[in-house]
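Residues take their numbers from the sequence shown, with the count starting at 1.
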Amino acid sequence: MALQSMVQQASQARENKITTIKTDTGEIKLSSNIVKSYLVAGGGNVSDQEVKLFIALCSAQKLNPFIKEAHLIKYGSSPATMVVSKDVYQKRADKHPEYQGKKAGIIVLTAEGKIDYRVGTFYIPSREELVGGWCEVYRKDREPERVEVSLDEYVGKKKDGTVNAQWSGKPATMIRKVAVAQCLREAFTSEFQGM
C-alpha cells in the first residue's frame with residue numbers, strides 16, 4: 001500500500017511540474033496538468049509523452065499556446081498532432097531584416113481546362129476546381145523563394161477518409177495557408193528549424 005501511494009505521489013508531482021517558457025509575448029508557465037486541462041483540442045486523451053513533447057516544442061521554439069501559437073490536437077486514439085500557427089511564421093519573417101514581403105494564392109483549373117494562378121482565395125466552386133496553392137517570399141539578399149502545393153497532398157481528412165470540417169468548409173484558405181507556411185520555412189530555414 002505504501003509503495004502504491006509513493007508511486008501516485010511521484011506521478012502527481014510530474015503532472016504538476018512547472019516549465020517556465022520565455023516567449024515573444026512574455027513568460028508563461030506550463031505543466032502536464034495545465035496542458036491536459038486547457039490546451040488539448042479534439043477531445044482525445046493525450047499521453048504523458050505527447051504532453052512532454054508539446055511542452056518541449058513550446059519551450060524550444062518560444063511558443064505561447066495560450067494565444068494559439070501552438071496547438072496540441074488529439075482525436076480518439078490516433079497519435080496527437082502538434083501544429084504551429086501560420087501567424088508564428090509570418091511574425092518571425094516580419095522581424096527578419098532580409099524579409100521583403102510575399103504574394104500568395106490558389107491554383108485553379110478553370111472551366112476551359114486552363115491552370116490559373118490567383119492571388120488570394122477566390123474561385124467559383126460550381127465552375128472551377130481548386131487544385132492547389134502557391135506562395136512567393138521575397139528577400140533582399142537573394143532570389144525569391146516560390147512554393148506550389150497540391151490540394152490532394154495536404155487536404156485534411158478524418159480517420160474514415162472523409163475531408164474534415166476545416167478543409168471542407170474553407171479549402172482555398174487552408175491550401176493557401178499551407179503554401180505560405182511552406183514557403184516561409186524555405187525562405188527562412190534557420191528561423192523555423194524544428195517547427
Side-chain angles (χ1 to χ4, degrees), residues 19-30 34-35 38-42 50 53-74 80-108 116-123 130-157 163-195:
T19 300
T20 302
I21 301 170
K22 292 183 181 177
T23 73
D24 292 341
T25 59
E27 192 173 273
I28 64 165
K29 296 183 184 304
L30 290 179
I34 292 169
V35 171
Y38 304 107
L39 298 172
V40 180
E50 290 168 332
L53 283 170
F54 182 70
I55 292 171
L57 169 72
C58 291
S59 182
Q61 295 297 334
K62 300 178 179 169
L63 301 172
N64 184 342
F66 296 109
I67 60 168
K68 309 291 188 208
E69 289 183 337
H71 306 272
L72 181 58
I73 305 164
K74 175 89 171 195
T81 304
M82 291 167 225
V83 178
V84 176
S85 167
K86 173 192 73 78
D87 294 342
V88 170
Y89 294 101
Q90 189 61 62
K91 285 192 300 189
R92 291 187 181 181
D94 287 342
K95 290 180 182 178
H96 197 284
E98 300 301 327
Y99 181 64
Q100 209 168 12
K102 72 173 183 320
K103 279 188 189 174
I106 57 173
I107 306 168
V108 174
D116 188 15
Y117 290 83
R118 297 186 183 164
V119 174
T121 59
F122 180 80
Y123 76 109
L130 177 65
V131 294
W134 66 273
C135 181
E136 286 182 359
V137 171
Y138 306 100
R139 287 184 57 143
K140 296 173 189 171
D141 60 341
R142 63 181 194 219
E143 292 295 313
E145 196 70 52
R146 183 174 175 93
V147 167
E148 296 178 13
V149 295
S150 167
L151 180 67
D152 289 341
E153 285 185 36
Y154 289 95
V155 67
K157 294 185 179 178
V163 177
N164 72 31
Q166 268 306 75
W167 282 85
S168 64
K170 300 186 256 184
T173 298
M174 296 302 289
I175 197 63
R176 181 185 176 277
K177 280 183 183 181
V178 169
V180 168
Q182 293 274 4
C183 201
L184 287 169
R185 277 200 297 258
E186 293 281 333
F188 300 101
T189 307
S190 59
E191 284 76 12
F192 302 126
Q193 184 175 8
M195 281 206 280

With side-chain contact (heavy atoms from CB on, under 4.5 Å) as the criterion, how do Tyr99 and Gln90 come out once you've worked through the C-alpha distance, each side chain's angles and the decisive distance to 0.1 Å? CA-CA 10 Å; Tyr99 181 64; Gln90 189 61 62; 3.0 Å; yes
Is the shortest heavy-atom distance from the side chain of Leu151 to the side chain of Val131 under 4.5 Å? no
Any Cys135 side-chain heavy atom under 4.5 Å of Lys102 side chain: yes
Minimum heavy-atom separation for Cys183 and Val137, please, with both atom names. SG-CG2, 3.5 Å
Smallest heavy-atom separation, Gly133 atom then Ile107 atom, equals O-CD1, 3.5 Å
Do the non-hydrogen side-chain atoms of Lys103 and Tyr138 ever get within less than 4.5 Å of each other? yes
Are Gln61 and Val88 side-chain neighbours, meaning at least one heavy-atom pair lies under 4.5 Å? no
Check the pair Phe66, Ile34 against side-chain contact (heavy atoms from CB on, under 4.5 Å), reporting the backbone distance first and the verdict last. CA-CA 10 Å; Phe66 296 109; Ile34 292 169; 3.7 Å; yes
Stepwise side-chain contact (heavy atoms from CB on, under 4.5 Å) test for Leu30 and Leu39: CA-CA 10 Å; Leu30 290 179; Leu39 298 172; 3.7 Å; yes
Flag yes if more than 12 heavy atoms outside Lys86 fall under 6.0 Å of its NZ atom; otherwise flag no. yes
Under 4.5 Å between any side-chain heavy atoms of Leu63 and Thr23, yes or no? no
With sequence neighbours left out, what residues match Glu50 under salt bridge (Lys or Arg N to Asp or Glu O under 4.0 Å)? Lys74
Can you list everything that forms a side-chain contact (heavy atoms from CB on, under 4.5 Å) with Val83? Sequence neighbours excluded, please. His71, Ile73, Thr81
Hey, are the side chains of Glu27 and Thr20 touching, using non-hydrogen atoms and a 4.5 Å cut-off? yes
Give a yes or no answer on whether the side chain of Trp134 reaches the backbone of Arg118 with a donor-acceptor pair at less than 3.5 Å. yes
Verdict with reasoning, Val84 to Leu57, per side-chain contact (heavy atoms from CB on, under 4.5 Å): CA-CA 9 Å; Val84 176; Leu57 169 72; 4.3 Å; yes
Note, Trp167 side chain near Ile175 side chain (heavy atom, < 4.5 Å): yes
Nearest 0.5 Å, please: how far is OG1 in Thr121 from CE in Met174? 12.0 Å
CE of Met82 to CD1 of Ile55: how many Å apart, nearest 0.5 Å? 10.0 Å
Which heavy atom of Ala179 sits nearest a heavy atom of Val149, and at what distance? CB-CG2, 3.9 Å
Over all atoms of both residues, closest heavy-atom pair of Arg146 and Glu136: NH1-OE2, 2.7 Å
Taking C-beta and beyond as the side chain, do Arg139 and His96 meet within less than 4.5 Å on heavy atoms? yes
Pair Lys91 + Glu69: basic N to acidic O under 4.0 Å: yes
Looking at Lys140 and Gln100, would you say the former's side chain and the latter's main chain have a donor-acceptor pair under 3.5 Å? no
Closest contact, heavy atoms only, Ala104 versus Val180: CB-CG2, 3.5 Å
